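Worth saying up front: this structure is predicted, and the values here are computed from it rather than measured. Atom set for the values below is all heavy atoms of this structure, side chains included, hydrogens, waters and symmetry mates excluded.
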Amino acid sequence: MSIRQHAAEPTEPASTAEDGTDGGQPAPADDPRAVRRRERAAFALGDLASNLTWTTISSYLLFFYTDVAGIAAGAAGTLMLVARLLDALFDPAVGLALDRTTSRWGRARPYLLFGAPLLGALTLLTFLTPGGGSTAAITYAYVTFVLVGLAYSLVNVPYGALMAMATRDSATRMQLAGMRSFGVGIGLIAVSTLTHPLISLTGGSPTSRAGFAWTIALYSALGMALFWAVFALVKERVPVASVVTDRAGAWHSIKALVHNAPWLSVFSFSTLAFARLGIITGGAVYFALHALHKPAAVSVLLLAFSLSAVLGSLVTARILQILGHRRGILLGLLACVALSALLLLLRDNLVAFTIVFFVANLVGGLGFVAVPALVADTVEWHEWRSGRRDEGLLFAGYSMSTKIGAALGSACLAWGLAAVDYRPDAVTGQVSDGIAVLFIGLPTLIAVLQVTVIATYTLEAKLPGVKAENLRRRGED
């Protein structure tokens, strides 16, 4: 009998008990109590580790390329776009491999054990790009940037899939998403407040090659240790769907993915979210130095952005529980757009600018916090439609969206800098105004696009019935 569901889409739970045990004790995969406190904390450690690589690259690699390695802004933007798109293609391959992995450590956890050292080493090599802006330097930058992206996929795709493997409980997933966002915020704070001082302390100036090397080496070693902590603390509880255990059917998995409408909505939303993130974190350095003419404002702005992520991680689950996932995200983005319109008027008042900037990113970041949980929910829809869970593939797509989004954000920022004729040694008033428009205007435009995308997400009301039907089918197998 075919597993694929042809009936009308469910809107209410089936008669089977929601815990999947016909009224008895819930299985560990469905029991919200099974994911204990230290395991929830481990998800924060994982995103802290990810952002010691990701946020450092997003915030400082373009600046490193233009002001340390001497690569022209336009060339650096093209480099970051092309290289990131190339390594994004690796994500589905990692996801398919993950869905077909078996080991004594589980499916996802061995990738954290063996991939973390590789990621740390390649992150350091990326920030050792030779100076002078020569063809050799650009070639080295392309190669190392692609390779660090591949290593990031090997670690981050399995790490992301762990949420869907640890529990099937949607509320627990949203709490884990909050813990992940908390880790993102702590990583942002660490990178935004420590990087510039560490580079200057170890190298003597903010553009010191040696300072970058020592700082990135520290981040890489710490990130590796944190990923190993996730490996040790997190458990995989959700069993592999029976259809997938044949280790075949990669084409069927991909075909099911492109027909998963809720996943496509979340993928598009996530791509835009990370493009916005890339512009804000990468543009803060240029905006502070050349539009505000206040080097100390680099840490102030990035710290405000980081604190908005931390606070958002603590309140998002509750806000979205009250307002609903889609409605809460939509209202937050609309408020963000309205507040962002004020920022150009507040450019000369750093205190007022920072406060409005903080609030705009807090309300506009609700969707950013929620995305991993939404992806995990689309796994249930995927199983309902195809009989395959394919957590690895779906989270590989999410990882791909982060790379494509970051690539587009960094490229648009770099091309914008080239368009306003940015040169580190000759910044005019006109260039300063152009940088301000880029830093404020581009994220606002992307927030508008996010509104249109998340409006198409309709899984929330159908999810209880989808999960109940999946449980019923497993009981029949």
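- Residues Tyr286 and Val427 form no side-chain contact, since every pair of their non-hydrogen atoms from C-beta on lies 4.5 Å or further apart.
- Under the 30°/60° scheme for interplanar angles, the aromatic rings of Phe274 and Trp54 are found to stand perpendicular.
- In this structure, Arg40 and Thr172 have side chains that are in contact, with non-hydrogen atoms separated by less than 4.5 Å.
- Arg318 pairs with exactly one of Ile322, Val315, Thr316 by the side-chain contact (heavy atoms from CB on, under 4.5 Å) rule, that one being Ile322.
- Looking at Thr271, Leu272, Val266, Leu264 one by one, the single match for side-chain contact (heavy atoms from CB on, under 4.5 Å) with Val453 turns out to be Leu272.
- The ring of Phe231 has its center no closer than 6.0 angstrom to the ring center of Tyr111.
- Partners of Phe267 by ring-ring contact (aromatic ring centres under 6.0 Å, His included), not counting sequence neighbours, listed by chain and number: Trp263.
- Using the six-membered ring where Trp is involved, Phe145 and Tyr65 have ring planes that are perpendicular, over 60° apart on the 30 and 60° scheme.
- Side-chain contact between Phe182 and Asp47 is absent, with no heavy atoms from C-beta onward closer than 4.5 Å.
- Classification of the His196-Phe63 ring pair by plane angle, with boundaries at 30° and 60°, yields tilted.
- Residue pairs meeting the side chain to side chain donor-acceptor pair (under 3.5 Å) criterion with at least one member in residues 331-357, sequence neighbours excluded: Arg347-Asp433.
- In this structure, the ring-ring contact (aromatic ring centres under 6.0 Å, His included) partners of Phe64, at least two apart in sequence or on a different chain, are Phe127, Phe212.
- By the 4.5 Å heavy-atom criterion applied to side chains, Leu162 and Arg109 are counted as neighbours.
- Ring to ring, Tyr219 and Tyr60 are not that close: their centroids are 6.0 angstrom or more apart.
- At least one side-chain heavy atom of Arg326 sits under 4.5 Å from a side-chain heavy atom of Thr458.
- Across Gly160 and Arg180, no two heavy atoms sit closer than the pair CA-NH1, 3.7 Å.
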